[in-house]
Structure formats: C-alpha cells, structure tokens
Amino acid sequence: MRICTGYTLRGEALDYFPAHAADQAAVEPVFETMPGWSETTAGARSWADLPAQAIKYIRRVEELIRCPVALVSTSPEREDTILVRDPFAD
C-alpha cells in the first residue's frame with residue numbers, strides 16, 4: 001500500500017497539492033510504502049473485523065493528517081460502515 005505524503009515541485013518539497021494548474025502538471029508525488037493485506041475488508045462491520053495491516057494503515061493516515069478517523073467504509077453498502085469514534089464526542 002502506498003500513501004502520498006507530499007510532493008516535489010522543481011526540486012522543492014511541498015506538504016500540499018499546488019493550486020496552479022501548471023504546477024499540478026509538473027508536481028511529483030512522494031509516497032510512503034506500507035505492508036498491504038490480502039484479506040478482503042468488504043462487509044466488515046466492526047474494527048475487530050479488519051485485518052491488522054488495514055488498522056495500521058488507518059492509524060498511519062490519522063498520524064499524517066493529524067486528525068482521528070471517525071468512519072471507515074468497507075463497501076458501497078450503507079451498513080458496511082465502521083464507527084471508529086463518535087465524530088461529535090468531545
């Protein structure tokens with residue numbers, strides 16, 4: 001699995017996606033690679049149903065965005081959504 005953690009534009013490191021179309025065309029993504037998982041997550045309805053590597057991936061995304069993940073969707077079905085934390089709790 002790869003996570004885009006930043007960008008390089010003409011040799012300069014950026015921690016945001018540039019707004020200008022010409023810069024967007026020239027930007028190179030910087031990726032962090034993490035172990036993936038082979039088990040399916042489709043239909044998982046609880047945190048415990050997720051593979052360990054999927055949980056590590058979600059936790060790493062939280063670190064990078066400096067914000068907790070509240071919901072994880074595991075399929076297009078509405079009921080296949082995991083409430084990780086209450087988004088309205090303090």
Side-chain angles (χ1 to χ4, degrees):
M1 304 283 318
R2 296 191 317 168
I3 301 173
C4 182
T5 58
Y7 303 92
T8 304
L9 179 62
R10 296 180 202 90
E12 180 185 351
L14 303 176
D15 62 356
Y16 60 90
F17 192 67
H20 194 275
D23 290 342
Q24 290 174 1
V27 76
E28 294 288 329
V30 176
F31 292 105
E32 178 178 320
T33 302
M34 296 185 65
W37 56 92
S38 56
E39 307 95 321
T40 184
T41 57
R45 294 184 180 168
S46 75
W47 191 249
D49 291 341
L50 293 174
Q53 293 301 336
I55 292 170
K56 289 179 183 178
Y57 181 85
I58 294 165
R59 293 297 183 218
R60 182 61 182 138
V61 168
E62 287 179 322
E63 289 173 7
L64 292 168
I65 66 172
R66 297 182 188 120
C67 182
V69 169
L71 298 170
V72 175
S73 180
T74 61
S75 86
E77 302 303 320
R78 183 175 297 239
E79 60 272 3
D80 293 341
T81 300
I82 299 168
L83 179 64
V84 179
R85 69 181 291 280
D86 184 346
F88 302 107
D90 54 335

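What's counted below: heavy atoms across the whole structure, side chains too, no hydrogens, waters or symmetry copies.
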* Do Arg60 and Glu32 touch side chain to side chain, with heavy atoms closer than 4.5 Å? -> yes

* To do: May I ask you to test the Leu71-Ile82 pair for a side-chain heavy-atom distance under 4.5 Å?
  => no

* Minimum-distance pair of heavy atoms, taken over all atoms of Thr74 and Ala44 -> OG1-O, 2.8 Å

* To do: Determine whether Val30 and Ile3 fall in the same hydrophobic cluster, where Ile, Leu, Val, Met, Phe, Trp and Tyr are linked whenever their side-chain heavy atoms lie under 4.5 Å apart.
  => no

* Structure fact -> Here the pair of heavy atoms bringing Met1 nearest to Gly36 is CG-CA, 3.5 Å

* Kindly work out whether a path of hydrophobic side-chain contacts (I/L/V/M/F/W/Y, heavy atoms less than 4.5 Å apart) joins Met34 to Val61. => yes

* **Partner set under salt bridge (Lys or Arg N to Asp or Glu O under 4.0 Å) for Arg66, not counting sequence neighbours** => none

* What's the shortest heavy-atom distance between Glu39 and Pro51, and which atoms? -> OE1-CB, 3.8 Å

* Would you find a donor on one side and an acceptor on the other, under 3.5 Å apart, between the side chain of Thr41 and the backbone of Leu50? -> no

* Asked: Has the side chain of Ser75 got a donor or acceptor atom that lies under 3.5 Å from a matching backbone atom of Asp80?
  -> no

* **Within-4.5 Å side-chain heavy-atom neighbours: Ile58 and Trp47** => yes

* Would you say Thr8 and Val27 make side-chain contact, with heavy atoms under 4.5 Å? -> no

* Structure fact -> The side chain to side chain contact (heavy atoms under 4.5 Å, CB included) partners of Pro29 (sequence neighbours excluded) come to Cys4, Tyr7, Phe31

* Co-membership, hydrophobic cluster, residues Val72 and Ile65, 4.5 Å side-chain -> no

* **side chain to side chain donor-acceptor pair (under 3.5 Å) partners of residues 9-29, not counting sequence neighbours, each pair once** => Arg10-Asp23

